[in-house]
Amino acid sequence: MADDFSQAHVLIADDAPTVRQSLRMTLAQCGINRVDAASSIGETRRRLRNAQYDVVLCDYHFGEGMNGQELLEELRQSSELPLYTIWIMITAEAAYEKVVAVAEIGPDDYLIKPFTSARLTQRLSLAWKRKRFLKPIYDKINEDDVSGAIAAAKELIPKAEGFRSDLMRLLSSLLLEAGQLEQARLLFEEILSQRMIPWAKLGLAKALVRQGKKNQAEGTLQAAIVEHAQYVDAYEELASMYMADGRLDQAMAVFEKCLAMTPNNVSRLQKAGNLANMLGDSGKAKKLLEQAVKCGGNSAALSADTVLQLALAARRENNSSDAEKYLRLVKEIAKKDHSVKNRIIDLIATAIYEGKPQLLNQIEVHLSDAEMTQEIATSFIMAADLICPATVEGETPTGDAPPYKWLRQISQRFITTRHISGLLESAANMRPTWKEYILQVGQEVNELNNTGVQLMLKSAFTEAIDLLLPAAQNTCNNRLMLSTSHAIVKYLKTQPDIDKKERYALISVASGMIDRLRGLIDAGTQHSLSQDLQQLFDH
């Protein structure tokens, strides 16, 4: 961030040439001459990737498709917009005040057209001072030092003056991120006792969810939505709660309300599309994911997995032109980020494009990787279904060789409910032998887990661990890892005098499993198990 306000590097993002020129002249009157311009959403993204800007002046209505608010949310969530950068939304609509009032990710300020150079200077100057004041916290966040950021925020409290609300918002979100849930809850409640602020209500709900107080959290979210009907982020948090509880139909209804208000939000479109697939509504899923691709363009928020799903759908419909288009796009996205997830997706796309099932062998080593998701596993089975040799009538499944080896590993890894088993079975399309094999393996996993749970109910914790731990480590199945963690916690609570080496070894194993389950199981359960293990470690 430039030290001198007049040396600020500014990006004007507006699709109207006359507005861009007018803003250049207004900035010049403010003494700011380092100015670039972008005329589309795509160009704005490219500019921000290729240069550092101190200020972005963005039009709210940006031609067709995504608006300025949706772009801001995307860039903040993908970390493509530096924390130091000031974002000022420009709009002719006074109604934007209602949008920004309940936006979890809002601009640093906004201006209603028409405005004077003096007005712009005043707003920029205030935002500039705010960013400079919060800079010590941003520096720590950029170093991935959350504890340091919390300490820096607390040090600034006595000096907050006119920036106290901004500081409290940043501090409370950092406490949530650090897992200091009780401190976060108390701070949110303190803020709400002074003023009913939407973001504090949402933050309180998030803290309550992670503390396992789901009923209170749901009530808080419902109240926030009643008070602020356009509070999209509260709707999305509620949908996440419903999904974690397996209330998929309710989650879909909430996502539909979100998308009615923000129809071009790439992240929400993809979440809703994946949820529609889980519910077996492939038509709705396709429509939502196609809209995500249309709006995503060169967005970092657009997932290669989303495009791969569309490529597979096109192949199943014998739409070769769309399939080829999407497969090329998959490879383009995957090349931008060399994560394990994207390497897997790239291999699947290449196997489909070249019609070579043997390429799927290269993915086998990644089937237990944390970045291998259920959605990608489903795509893997669909790809194998499309390109593997035809199933021979009466063939005997064997888990020692592909494709049954792959099917066994995927089923053992991902089947935790009958619903998920059905999703994987449907991915096999017209191969009854594959479907039956997936069902069989899923039943084996379920029976093994149930046996372990029955042993725990009989307080046979050693036997439960002996049964569950090897299976959980071999398969990385979420349900088996959760049951194993419960068994270890219960065992250690009943055996306070066991050898320290054994105690710490078991705590380490369970902690690793719980960390891996983060975001995949109920947040309250995850938090409770983590607390139990910490107490066992301390004693």
Side-chain angles (χ1 to χ4, degrees), residues 1-64 66-76 80-103 105-135 138 160-167 169:
M1 191 172 189
D3 291 325
D4 184 358
F5 180 64
S6 65
Q7 293 303 306
H9 193 187
V10 179
L11 175 64
I12 298 169
D14 197 297
D15 61 337
T18 54
V19 174
R20 294 196 299 272
Q21 185 57 33
S22 174
L23 282 172
R24 278 184 186 275
M25 292 171 64
T26 304
L27 287 167
Q29 291 171 15
C30 301
I32 298 174
N33 295 296
R34 295 178 63 213
V35 180
D36 294 330
S39 60
S40 68
I41 292 287
E43 187 182 0
T44 303
R45 290 195 191 106
R46 286 191 293 272
R47 289 274 191 183
L48 288 166
R49 283 188 192 130
N50 296 327
Q52 289 280 344
Y53 290 97
D54 300 301
V55 181
V56 178
L57 302 178
C58 182
D59 190 39
Y60 177 57
H61 279 299
F62 216 129
E64 294 296 321
M66 185 176 283
N67 62 39
Q69 179 65 32
E70 290 168 328
L71 176 62
L72 171 61
E73 290 175 2
E74 175 198 304
L75 294 169
R76 287 283 188 218
E80 289 180 282
L81 190 69
L83 293 168
Y84 307 108
T85 301
I86 295 167
W87 186 289
I88 294 183
M89 203 75 75
I90 295 174
T91 178
E93 297 182 23
Y96 178 67
E97 291 175 345
K98 292 183 179 179
V99 174
V100 76
V102 292
I105 299 176
D108 294 283
D109 212 330
Y110 64 95
L111 284 165
I112 306 293
K113 299 176 187 176
F115 54 85
T116 63
S117 60
R119 185 69 166 162
L120 176 58
T121 302
Q122 178 193 29
R123 294 296 180 89
L124 271 177
S125 178
L126 180 62
W128 192 270
K129 289 175 184 174
R130 186 188 303 118
K131 291 287 186 182
R132 298 294 295 179
F133 174 73
L134 298 172
K135 185 177 183 297
Y138 294 153
E161 298 175 8
F163 304 129
R164 182 174 176 80
S165 178
D166 302 282
L167 179 59
R169 184 169 189 172

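- Phe133 and Phe163 have tilted rings, their planes meeting at an angle from 30° to 60° on a 0 to 90° scale.
- Taken to the nearest 0.5 Å, the CZ atom of Arg76 stands 6.5 Å off from the CG atom of Leu83.
- With rounding to the nearest 0.5 angstrom, the OG atom of Ser39 is 9.5 Å from the CG atom of Asp14.
- The CD1 atom of Ile88 lies 6.0 Å from the CG atom of Leu120; values are rounded to the nearest 0.5 Å.
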With side chain to side chain contact (heavy atoms under 4.5 Å, CB included) as the criterion, how do Leu57 and Leu11 come out once you've worked through the C-alpha distance, each side chain's angles and the decisive distance to 0.1 Å? CA-CA 6 Å; Leu57 302 178; Leu11 175 64; over 6 Å; no
Under the side chain to side chain contact (heavy atoms under 4.5 Å, CB included) rule, what do Val56 and Leu75 come out as? Steps first, then yes or no, please. CA-CA 12 Å; Val56 178; Leu75 294 169; over 6 Å; no
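- Residue Gln21 holds its CD atom at 8.5 Å from CD1 of Ile12, rounded to the nearest 0.5 Å.
- Contact detail for Leu72 and Pro107: the closest heavy-atom pair is CD2-N, 3.4 Å.
- In this structure, a donor-acceptor pair under 3.5 Å is present between the side chains of Arg119 and Gln122.
- To the nearest 0.5 Å, the span separating CG on Leu124 from CH2 on Trp128 amounts to 8.5 Å.
- Judged by distance alone, with hydrogens and angles left aside, the side-chain atoms of Arg20 form no donor-acceptor pair with the main-chain N or O of Ala37 at under 3.5 Å.
- Of the residues listed (Asp108, Asp109, Asp54, Asp166), the one engaging Lys131 in a salt bridge (charged side-chain N to carboxylate O under 4.0 Å, His left out) is Asp108, and it is the only one.
- Sequence neighbours left out, not one pair with a member in residues 29-52 passes ring-ring contact (aromatic ring centres under 6.0 Å, His included).
- Across Arg47 and Ala38, no two heavy atoms sit closer than the pair CG-CB, 4.3 Å.
- The pair Glu80-Arg45 does not count as a salt bridge, with every side-chain nitrogen at least 4.0 angstrom from each carboxylate oxygen.
- Atom CD of Gln29 is surrounded by more than 12 heavy atoms from other residues, nucleotides or ligands within 6.0 Å.
- Of all heavy-atom pairs spanning Thr44 and Ala13, the tightest one is OG1-CB, 3.6 Å.
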Quick one, Met89 with Trp87, criterion side chain to side chain contact (heavy atoms under 4.5 Å, CB included). Give me CA distance, side-chain angles, the key distance, then yes/no. CA-CA 7 Å; Met89 203 75 75; Trp87 186 289; 3.5 Å; yes
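- Within the model, atoms CD1 of Ile90 and CZ of Arg123 stand 11.0 Å from one another, a figure rounded to the nearest 0.5 Å.
- Within a 6.0 Å sphere centred on CZ of Arg164, other residues, nucleotides and ligands contribute 12 heavy atoms or fewer.
- Nearest approach of Thr85 to Tyr53, heavy atoms of both residues: OG1-O, 2.8 Å.
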Please assess His9 against Asp36 for the test side chain to side chain donor-acceptor pair (under 3.5 Å), listing each intermediate value before the final yes or no. CA-CA 8 Å; His9 193 187; Asp36 294 330; 3.0 Å; yes
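- A salt bridge links Lys113 and Asp59; the closest N-O separation between the charged side-chain nitrogens and carboxylate oxygens is under 4.0 Å.
- The minimum heavy-atom distance between Asp15 and Pro17, with the atom names listed, is O-CD, 3.6 Å.
- Minimum interatomic distance between Phe115 and Leu111 (heavy atoms only, all atoms of both residues): CD2-CB, 3.9 Å.
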I would like to know whether Leu23 and Val35 meet side chain to side chain contact (heavy atoms under 4.5 Å, CB included); could you show each step before the answer? CA-CA 10 Å; Leu23 282 172; Val35 180; over 6 Å; no
